[in-house]
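Here the structure is laid out as structure tokens; the discussion comes afterwards.
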Amino acid sequence: MHTPTGFTPSHVLPALLPGTALAFAYSDAKLLVGGDEQTPAIPTLAELGAAGVDGVRHYLGELQGVPCVAIVLPHPYEPAAGLRLTGLRSLFFRLPESIVAIGARAFQVVEWDRTHRFCGRCGTPTRDKGGERAKECPACGYVAYPRVSPAMMALVTRGREILLARAHRFPPAMYSALAGFVEPGETIEDCVRREVKEEVGVDVGNLTYFASQSWAFPHSLMIAYTAEYAGGELRPDGEEIADVRWFRADALPEMPPSLSIARRLIDATAARLRDA
Ligand SMILES: [Zn+2]
């Protein structure tokens, strides 16, 4: 997910929001939608108002001139007539990509609101801080921002081969690039070298940035690289990684769906190696 074309982000809630504003209201991880199963719709503020729905609001910005607001609903929550709660993933391909992207952004803001109601240092209830998307503690001054957790993804190459691994949590035949979260004190490049070594036992060099992808489940930023094999024996860690193999760029196994940055990274790299 990324910032959609025509979206101007902002965190300053306008004094007056029009009834046409799009309302991304979440109860826990579920989004409130109208319409039916096949043609879901994000309700407007006016529609929510008519149904008596409201909660803490966080402004997101304007999508092609239409204001978008995130709303924190209680949990559990019983939707009003004509509305229902659904997972954001069920809206992929049923709503425009831009709307799903704003929905993902709203989810992360609501998740942050829900999990930062009290100061993590002294336990005092927090309040929204003026001037930025942050919560501050009125007692001790601690400031908490929305969480974004950087993670690296690495596709290791060796000549015309690429290294793909199968994690225990994957479907039985699926292989993908390696991935892992950045630890305190690391650069992304440090993280790539450490994770590859830990997960499959090899050293890598010549790291090249590929692309990044926001992933709202719950708050990752995946930063993808290619890296060249630089030595060592393949040795899966046995915990996270079930199997790891070199694959020829023209004979690849079952892989993640094309929506994922993993698949884009593998496809682009395999095409480059085949043409080399
Ligand atoms: Zn505090």
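Whatever order the structure lists them in is the order used to number ligands and atoms, beginning at 1.
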Item checked: Exercise: do T126 and H116 side chains pair donor with acceptor under 3.5 Å -> no
Item checked: Flag for E189-Y225: side-chain donor and acceptor within less than 3.5 Å -> yes
Check: For the ring pair Y145 and W112, is the centre-to-centre distance below 6.0 Å?
Finding: no
Checklist line | Short side-chain donor-acceptor distance under 3.5 Å, R105 and T3 | finding: yes
Next item on the list: Specify the closest pair of heavy atoms between L252 and A270, including all atoms of both residues, with the distance to one decimal.
Entry: CD1-CB, 3.8 Å
Notebook entry, point to check: What protein N, O or S atoms come within a distance below 2.8 Å of the Zn ion (ligand 1), ordered by chain and number?
Noted result: C119 SG, C122 SG, C137 SG, C140 SG
Notebook entry, point to check: Just by distance, with hydrogens left out, do Y77 and D28 show a side-chain donor and acceptor under 3.5 Å apart?
Noted result: no
